[in-house]
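Below is one structure, written out as structure tokens, with a few remarks after it.
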Amino acid sequence: MNMRDRIPGKETQGLVDNSLTFDIDAVRENFPILGRRVYDQPLVYLDNAATSQKPREVVDCIQTYYLQTNANVHRGVYHLSEEATSAYEASRDKVQRFLNAKSRKEIIFVRGTTEAINLVAHCYAKPLLSPGDEILISTMEHHSNIVPWQIICNQTGATLKVIPINDAGEIEQDAFTTMLNPRCRLLAITQVSNALGTINPVRQMIKQAHQQSIPVLIDGAQAVPHLQVDLQALDADFYAFSGHKVYGPTGIGILYGKQELLEKMKPYQGGGDMISRVTFAHTDYNELPYRFEAGTPNIAGSIGLGSALDYINAIGLDQIARHEQALLVYATEQLSSIDGLRLIGTAKHKAGILSFVMAEAHAHDVSTILDQSGIAIRAGHHCTMPLMAHLGIAATARASLALYNNRADIDALLAGLHEVKRIFK
Amino acid sequence: MNMRDRIPGKETQGLVDNSLTFDIDAVRENFPILGRRVYDQPLVYLDNAATSQKPREVVDCIQTYYLQTNANVHRGVYHLSEEATSAYEASRDKVQRFLNAKSRKEIIFVRGTTEAINLVAHCYAKPLLSPGDEILISTMEHHSNIVPWQIICNQTGATLKVIPINDAGEIEQDAFTTMLNPRCRLLAITQVSNALGTINPVRQMIKQAHQQSIPVLIDGAQAVPHLQVDLQALDADFYAFSGHKVYGPTGIGILYGKQELLEKMKPYQGGGDMISRVTFAHTDYNELPYRFEAGTPNIAGSIGLGSALDYINAIGLDQIARHEQALLVYATEQLSSIDGLRLIGTAKHKAGILSFVMAEAHAHDVSTILDQSGIAIRAGHHCTMPLMAHLGIAATARASLALYNNRADIDALLAGLHEVKRIFK
Amino acid sequence: MNNELRELYQEVIIDHGRRPRNFKVLQEYSHSQEGYNPLCGDRLQLFLLIRPGPEQVIEEASFLGEGCAISMASASLLTECLKGKTIAEAQTLFQQFHQLLTGDTAVQAEPEKLGKLQVLAGVRAFPTRIKCATLAWHALLGALNEDEDKPEAWVTTE
Amino acid sequence: MNNELRELYQEVIIDHGRRPRNFKVLQEYSHSQEGYNPLCGDRLQLFLLIRPGPEQVIEEASFLGEGCAISMASASLLTECLKGKTIAEAQTLFQQFHQLLTGDTAVQAEPEKLGKLQVLAGVRAFPTRIKCATLAWHALLGALNEDEDKPEAWVTTE
Ligand SMILES: Cc1ncc(COP(=O)(O)O)c(C=O)c1O
Ligand SMILES: Cc1ncc(COP(=O)(O)O)c(C=O)c1O
């Protein structure tokens, strides 16, 4: 599967679609679903923050795995099992390199961001917590980075503290600084907000937390598809993301943890592969990363994720970021031109997420009307109900960008929003 | 995807390969991997208890999902998301019907058997246990049905009790009866042993346990591919199985739980989809089954599992069982003819699993030699170390059957074992 | 605008969505129920005044809440229809309304009973919006069952 | 039998696998280490008698255990080779042996140092069996490091 033959790499300097440095039309060809029609209209997919579409390479890779290599990993002495194990472990290496983690032992395959955060809550944080201890999160967290902490706070008597945000949707850095204190056992924040698009200054925040010896978990679900993440530079203690949001398959995600922390943690689930010796009286756990991977893993999913990272690398995350930023600027301009439309989330540093409300129509109605024109956006609380409560709104409409979106998609969105205004005139 | 057109259904009465009632050659055509060559020999895949191969239908179904329907489920108001949600939920209905569960609310998508058992250990059993309480398992359990109970017994002071087995590898029913007692909080046993092939009389055992109000979890990982399971007739309280062993994808499995038990259980993981309302102070959990499905699920995996069950239904589990039983009889005869070969697991009721040791050669050497002839079997402890310790052996060689195996596979195995004997003469 | 959208967003619905009737707390009420759709965040509180007696008649109905045009219009139209209905009649109305939206064949359709509520028939072409249209209705059922079994803090259409 | 299998299962290996040499507990020993391969269940216990002094020489070596032909033969051949070697020499031997099996280019191959151990070269074509062939060797390293940092209860090749 040599993708460089099929995907326009960095060398392609054809400046299609204005400021872009890769050939967006060629990229769109890699995503067959973009050729689909919905209600007899071409699909305009702008719900990438919920899940991304998959390039043919990734789907082919999964198919090839099942049709040619499929076997269980780690325990077979025969050829297919060796092949499957190599491919599975090669995927771990790809993730390690992609995030610039120090060791492959720090890369744990999980179902997704949600499971990764739960694993840390359960195996790392919970045993540490006593009444009076604090877990620090922010107002803009996804439910997946709220509920696990609530659960363990309830169980241990610790307190969940919430860093406030300003009107633009940025973390209040002064408040953050004063909230760091010796009772704080963990800071858990998102790198990019799925509801607002805000890119948080996590590198600086990690540094501040570390000055007080507070470890940090970063929810990277919305960051990994859009920003180059260098875990050694970032110095995060834990980092989580989901395969399905980075052009990879569903049911697979990554928990990164610093080796010295993972070494000290009890296992999460018990079962095959995570043990090295079992008697009825006692069990010795396996070494990292396997200690945290009980049972048959999502083998095809892991391999598909590796293939998705290959795909991203072939285009280059810097190129993707440039493209999405240019499109974000264009979309922000266009949306701002609509009377009565208010953008929610206007941080200085933003990823390609456009949340908005309209004076005339509720987000839900907006989405239904857009859908009839083949335009897929999200309407609702985006699994950030506390943020919505803070903003005093029940729901926003949200368009979120990926590398294959183009100006035509934004123009279609605009036309759709004008239709909304006509209906709700 | 009308499979009945492509798979010889029950109406095909051509008695190929002796006592079989479906056309084994046609079935083999559905599994492209069986056409693969390994070391220039045709692949003979006899490691089905570890994982099964996938029919083209299932792989196509996953591919079609990604290339045409892919979207996140449950939260979108647009067409693709509706389609994806319908397909995902239709899969749940298929599982419900396949197992004859009473309600779709009782069907929870998990990663696999291991996660299912951990969920029950964590959310159901652990909160019930006090020092002196007992969890009852059997000597032949897989690590996945041992380690989760050890972990919670350690945490709560409860005791893990182990039902003995006889020399044939059958549960000692008298001992079982005497071990049932008021301190016993759960019986957790496998329906079919992955190491011995034993089919346990779980229906009778459940009845006995229920007479003393002891709930029962059945590990169905090795049963669902081979036996018709009727959960309402069985009256199991929890039932677990893995998609990848029933011709479905990796990374997906099922936990069944009786509604009245699930209703009372706290959630497993916190995150999106499993909640209905979140504030920073408090969270209301969603209803069944969603309360136990936090985060974006393995959507493609669930849909693929549904497709695998369709495939099985099209052939008929009764037909599959007949085929595998006939092949088991043949293979048992053939293996018994080899001097110095000892079958491990000779229960009266057995599924198509042949574990054995050879006087001359260690299982590991057997597997390496067979592999050079393209024959994939498993060598080792099969994640049942306590069973191996009980049997006084470190490892067995294991050939395990699926619906696509035929006499030629067994004959190849025989020839390979004779080669082993030549090398270790 | 295609036909389905035209059917969905009829003048009456846009109007009731924008200016819902009976949008207030009743000064005096006997029943109240919160309804909440976690999918989209729509929420409302329904208030009923039912005089006790052999023939339990809904004398007044009102609601407060926020949500999409469909859920607000449906709540508004519901409160209009309820006045003067007996509890049994209200329950029949629920069934008829549900039948209208889902085509449930277990219930025989008698559209004439629905009167003005028939403007919501367009929702049927939008399966994801049925929950919006029935939110107030689930709150109604919740309110009527309040006395009987354990009253839920809120009902949902999830 | 193909060439790879012929290379792997040489006469010497079959012989040592079936009748391992030095298969006993030493009457007197200074070091002992259990080795265990959780993948396949192979396990063995290595015993060494090393006289203290400036030149630490391995005077005797033995083992007990059970496992496949490769792991047993490798352990048997190892105990034969160790006698009379200094600890430094034993460590070099480990590196050379590892090089033989994995083709590790960081270590320069000096096959002559391996002597009889070269019969295990055939394992190189069987990546999944390298752990079997090196089990006793990892136990050796574990035994030699025993005094230094925390002695592990057992070492594995996982
Ligand atoms: C009897 C039994 N239980 C549990 C498991 C664990 O299944 P999984 O690895 O799919 O979680 C297996 C499969 O290895 C098994 O055979
Ligand atoms: C910021 C953020 N965190 C966590 C998640 C949860 O990811 P998943 O549903 O893949 O577990 C999401 C995605 O919905 C997200 O956007």
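Keep in mind that what you see is a predicted model, and the values were worked out from it rather than measured. Protein chains get the first letters and strands the later ones, always in sequence-line order, with residue 1 at the start of each.
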* To do: For the pair B/R291 and B/Y268, evaluate side chain to side chain contact (heavy atoms under 4.5 Å, CB included) and give the outcome as yes or no after the intermediate values.
  => CA-CA 8 Å; B/R291 190 190 305 167; B/Y268 188 49; over 6 Å; no

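- No part of B/A121 comes within reach of chain A, as not one of its non-hydrogen atoms sits under 4.5 angstrom from that chain.
- Heavy-atom distances place both the backbone and the side chain of A/V278 under 4.5 Å from chain B.
- Using a 4.5 Å cut-off between heavy atoms, A/Q150 touches chain B through its side chain atoms alone.
- For the set A/F280, A/W149, A/Y45, A/Y39, the entry with the most heavy-atom pairs within less than 4.5 Å of chain B is A/F280.
- Of all the listed residues (A/D47, A/V38, A/L43), the one sharing the greatest number of non-hydrogen pairs under 4.5 Å with chain B is A/D47.
- Between B/R111 atom CZ and B/L255 atom CG the span is 13.5 Å, to the nearest 0.5 Å.
- Proximity to chain B (any heavy atom under 4.5 Å) is shown, for A/V77, by both the backbone and the side chain.
- Note on A/G270, A/G251, A/G374: by heavy-atom pairs under 4.5 Å with chain B, the leading option is A/G270.
- One distance of note links CD of B/Q269 with CD1 of A/I151; it measures 9.5 Å at 0.5 Å rounding.
- For A/H142, the part sitting under 4.5 Å from any heavy atom of chain B is the side chain, from C-beta outward, and nothing else.
- Rounding to the nearest 0.5 angstrom, the gap separating the CG atom in A/N48 from the NZ atom in A/K245 is 10.0 Å.
- For B/S81, the part lying under 4.5 angstrom from a heavy atom of chain A is the side chain only.
- Between chain A and the options B/H244, B/H282, B/E115, heavy-atom pairs under 4.5 Å are most frequent for B/E115.
- The two residues A/T250 and B/A300 make their nearest non-hydrogen contact at OG1-N, 3.1 Å.
- Per-residue counts of heavy-atom pairs under 4.5 Å with chain A were compared for B/I117, B/V58, B/L80; the largest is that of B/L80.
- Under 3.5 Å, the side chains of B/T296 and B/N72 contain a donor-acceptor pair of N or O atoms.
- At least one side-chain heavy atom of B/H143 sits less than 4.5 Å from a side-chain heavy atom of B/P386.
- In this structure, OG on B/S367 lies 4.5 Å from CD1 on B/I377, to the nearest 0.5 angstrom.
- Heavy atoms closer than 4.5 Å to chain B are found in the backbone of A/P297, but not in its side chain.
- Among A/V147, A/I33, A/I299, the residue with the largest count of heavy-atom pairs under 4.5 Å with chain B is A/I33.
- Heavy-atom distances place no part of A/M388 under 4.5 Å from chain B, backbone and side chain included.
- No option in A/T114, A/T384, A/D219 other than A/D219 meets the side chain to side chain contact (heavy atoms under 4.5 Å, CB included) test with A/N145.
- Note on B/L67, B/T51, B/L34: by heavy-atom pairs under 4.5 Å with chain A, the leading option is B/L67.
- Chosen from B/T113, B/L387, B/L119, B/N70, the residue pairing most often with chain A at heavy-atom distances under 4.5 Å is B/N70.
- Contact annotation for A/T279: only backbone heavy atoms (N, CA, C, O) come within less than 4.5 Å of a heavy atom of chain B.
- Ranked by heavy-atom pairs under 4.5 Å with chain A, the first of B/I137, B/T139, B/I62 is B/T139.
- In terms of heavy-atom pairs under 4.5 Å with chain B, the best-connected choice from A/I375, A/L160, A/V59 is A/V59.
- Per-residue counts of heavy-atom pairs under 4.5 Å with chain A were compared for B/S302, B/G295, B/G243, B/G35; the largest is that of B/G295.
- Here the side chains of A/F31 and A/Q53 are in contact, with some heavy-atom distance below 4.5 Å.
- Per-residue counts of heavy-atom pairs under 4.5 Å with chain B were compared for A/A389, A/A376, A/G380, A/P267; the largest is that of A/A376.
- Within 6.0 Å of NZ on B/K126 lie more than 12 heavy atoms contributed by other residues, nucleotides or ligands.
- In this structure the side chain of B/N298 never reaches within 4.5 angstrom of the side chain of B/F109, judged on heavy atoms.
- With rounding to the nearest 0.5 angstrom, the CE atom of A/M274 is 14.5 Å from the OH atom of A/Y290.
- Looking at B/V110, the atoms closer than 4.5 Å to chain A (heavy atoms on both sides) all sit in the backbone: N, CA, C or O.
- For A/E141 and A/S138, the side-chain atoms include at least one donor-acceptor pair closer than 3.5 Å.
- In this structure, chain B has a heavy atom under 4.5 Å from the side chain of A/N118, while its backbone stays farther away.
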